There are 2 protein chains.
Amino acid sequence: MKLALNHKSPIPLHIQAEELLRKMIADPQFQNGKLLPNEIDLANQLAISRTTLRQALNKLVYEGLLIRKKGVGTKVADAMISSKSANWLSFSQEMKARGIPIKNFELHVSWIYPEEIIANFFNIKTDQKILKLERLRGKPEGPFVYFVSYFHPRTGLTGEEDFKRPLYDILQADYNIISELSKEEISAKAADKFIASKLETEPGSPILFRKRFVFDQADRPIEYNLGYYKADSFVYTVESRRS
Amino acid sequence: MKLALNHKSPIPLHIQAEELLRKMIADPQFQNGKLLPNEIDLANQLAISRTTLRQALNKLVYEGLLIRKKGVGTKVADAMISSKSANWLSFSQEMKARGIPIKNFELHVSWIYPEEIIANFFNIKTDQKILKLERLRGKPEGPFVYFVSYFHPRTGLTGEEDFKRPLYDILQADYNIISELSKEEISAKAADKFIASKLETEPGSPILFRKRFVFDQADRPIEYNLGYYKADSFVYTVESRRS
DNA sequence: TAAATCACTATGTTTGTACATATTTGGTTC
DNA sequence: GAACCAAATATGTACAAACATAGTGATTTA
């Protein structure tokens, strides 16, 4: 692996180092509990000070991607997929950060009359068609999550978009809608026939079910999202502090 | 406001500074967009270097509690997320708030040699016994959650306590330990034989599995808690806002 | 042989210093 | 009065150095 930073670049060295570390994290070479080079050596290789390198390391440790242990070293955190409520990484970004290749198994777009609950959430009538997006995604070995999203007409989405791009990019760049607030409900349930067939598992097998309500800057509802995760494929992490 | 750190304390200065900053953030004096003292002055007042102070500031900025602007200053971010206090409700309080009567089905206290993972988390050896608390709780109709808690010897818990009182009350009132920070991991899994028998369900049936790591004011580990919730008996809600 | 000790390695903490860059402010000039 | 410029202010970036502490493994000792 080429280890060099551009000292002439206007991009700060600790940012460059951070980017490089993200690539290292994605590298299978460091995946299975193997240690990264130690801080002093790595700093020397990059021709930056240990302080600057640690600035980059700290960020990744904070994100839960790296684990440091005094007297031992620094390793990549086990690649169980997790979502930190603090950060707004999209599904694809999250996978990328961990070097897990994503495979899109299915993608289906349709215009449907919303169910009562959804119409209610969007504050619209049930006789107005809305965009429904279904996606089956996972690792190359097989799917592990089935998403269903409904979008408020306000988003302007046509269904013709290139959904290979991150959704939040599309909304922000092309439709000037920024997702600000998200409320989530996480629970466990048994897979029904439909979900089981999608996720290639048995009906009745455990599923992590995640409902997500997304709002824009003005707290207006934007997206209603349901995620069905195969058990043990996904861990939701939350950090909270008593105030 | 008294601004002083204990330079003799084994607790690192940047942690102490972080705690103090959290108190400042809570102080209405700095609430409405008013700026904190500048870094150099504040560092001088606390008798620490600017670097160390920035270490503390960085963490709070990363958490979205502070906003720094080059050439201007540092201020408290306005109107943060809720759901924090919700997370800090104890099980009994939570149920009470929902109007669900609790029934305690089983309670078992023992002293055990910790498994590697737990000893590791507590930063102790595996040859030192620790307190283990198992509880089966639920509605009058039947149990829906099985808890296992391990406590660091530091807590001073003897196992003779009246565990009908809320645990966090016991720790705070009787042992002067305040649980400050909690990290949680939520995932779905299948019930094994043991869990299934406790929760009066079938092996293989879906379980919401919640690992909870609790730390005290000085970020020292206090409790390692595992919760097995019967599917559909528990919903975890999170609210997060993009900063 | 088993326990205690010690050296080595790697991260953790902290300081002091220097210069860079964004913003605001106030004064000077046209 | 408006435009411009420069100083003051505050955070941002980066380095070097020193010592502390935790874990590991080898060597010595009981």
Side-chain angles (χ1 to χ4, degrees), chain A residues 5-21 24 30 33-62 65-77, chain B residues 4-21 30 33-62 65-77 116-117 119-128 218-221:
Chain A
L5 304 184
N6 181 0
H7 284 247
K8 301 267 175 65
S9 161
I11 298 169
L13 291 169
H14 73 268
I15 302 282
Q16 291 186 51
E18 185 190 326
E19 290 310 311
L20 196 141
L21 284 167
M24 289 176 79
F30 300 110
K34 254 163 283 168
L35 296 174
L36 297 187
N38 75 62
E39 295 179 354
I40 294 171
D41 288 352
L42 195 49
N44 286 337
Q45 277 181 70
L46 301 182
I48 57 177
S49 70
R50 187 177 161 219
T51 321
T52 303
L53 174 62
R54 278 180 66 84
Q55 210 173 139
L57 286 167
N58 282 336
K59 206 158 168 198
L60 299 175
V61 168
Y62 199 87
L65 291 167
L66 291 180
I67 292 173
R68 286 197 287 199
K69 210 165 173 195
K70 199 195 282 197
V72 180
T74 304
K75 63 170 187 176
V76 177
Chain B
L5 305 183
N6 180 0
H7 285 247
K8 301 267 174 66
S9 162
I11 298 169
L13 291 169
H14 72 268
I15 302 280
Q16 291 186 51
E18 187 191 325
E19 291 309 311
L20 195 141
L21 284 167
F30 301 110
K34 255 163 284 169
L35 297 174
L36 298 188
N38 76 63
E39 295 180 353
I40 295 174
D41 288 352
L42 194 50
N44 286 337
Q45 277 182 68
L46 300 182
I48 57 177
S49 71
R50 187 179 159 215
T51 319
T52 302
L53 174 61
R54 278 181 66 83
Q55 214 175 136
L57 286 166
N58 283 336
K59 204 158 169 198
L60 299 177
V61 168
Y62 199 88
L65 292 168
L66 291 180
I67 292 173
R68 285 196 288 201
K69 213 167 167 193
K70 200 194 281 197
V72 180
T74 304
K75 63 170 186 176
V76 177
E116 190 110 21
I117 303 179
N120 229 29
F121 170 65
F122 281 153
N123 217 358
I124 60 172
K125 298 256 167 65
T126 50
D127 59 2
Q128 182 181 7
D219 275 1
R220 296 178 305 187

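These figures come from a predicted structure and were not determined experimentally. The sequence lines fix the lettering, A, B, ..., with proteins before strands; numbering per chain opens at 1.
Within the model, atoms CG of A:Leu42 and OG1 of A:Thr74 stand 9.0 Å from one another, a figure rounded to the nearest 0.5 Å. Expressed to the nearest 0.5 Å, how far OG1 of B:Thr52 lies from CZ of B:Arg54 amounts to 11.5 Å. Atoms CG and CG, on B:Leu13 and B:Leu20 in that order, are 11.5 Å from each other to the nearest 0.5 Å.
At whole-Å resolution of the value, CG in A:Leu46 and P in D:dA14 are 12 Å apart. Distance B:Asn44 CG to D:dA10 C1': 14 Å, rounded to the nearest Å. The distance between atom CD of A:Glu18 and atom C1' of D:dA14, rounded to the nearest whole Å, is 16 Å. Counting to the nearest Å, the P atom of C:dT9 and the CG atom of A:Leu42 are 18 Å from each other. Note: NZ (B:Lys75) to C1' (D:dT11) measures 15 Å, nearest angstrom.
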Restricting to nitrogen or oxygen on both sides, can you table the protein-nucleotides 11-18 of chain C pairs closer than 3.5 Å?
residue: C:dT11; atom: OP1; partner: A:Thr74; partner atom: OG1; Å: 3.2
residue: C:dT11; atom: OP2; partner: A:Glu39; partner atom: N; Å: 2.7
residue: C:dG12; atom: OP2; partner: A:Arg54; partner atom: NH1; Å: 2.9
residue: C:dG12; atom: OP2; partner: A:Arg54; partner atom: NH2; Å: 3.3
residue: C:dG12; atom: OP2; partner: A:Arg68; partner atom: NE; Å: 3.1
residue: C:dG12; atom: OP2; partner: A:Arg68; partner atom: NH1; Å: 3.4
residue: C:dG12; atom: N7; partner: A:Arg50; partner atom: NH2; Å: 2.8
residue: C:dG12; atom: O6; partner: A:Arg50; partner atom: NH1; Å: 3.2
residue: C:dT14; atom: OP1; partner: B:Leu13; partner atom: N; Å: 2.6
residue: C:dT14; atom: OP2; partner: B:Leu13; partner atom: N; Å: 3.0
residue: C:dT14; atom: OP2; partner: B:His14; partner atom: N; Å: 3.1
residue: C:dT14; atom: OP2; partner: B:His14; partner atom: ND1; Å: 3.1
residue: C:dT15; atom: OP2; partner: B:Ser49; partner atom: N; Å: 2.9
residue: C:dT15; atom: OP2; partner: B:Ser49; partner atom: OG; Å: 3.1
residue: C:dT15; atom: OP2; partner: B:Thr52; partner atom: OG1; Å: 2.7

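Partners of A:Glu18 under the side chain to side chain contact (heavy atoms under 4.5 Å, CB included) rule, at least two apart in sequence or in another chain, are A:Ile15, A:Arg22, A:Ala56, A:Lys59, A:Leu60. For B:Gln16, there are no side-chain hydrogen bond (donor to acceptor under 3.5 Å, both in side chains) partners at least two apart in sequence or on another chain.
A donor and an acceptor atom, one from each side chain of A:Asn38 and A:Arg50, are nowhere located under 3.5 Å apart.
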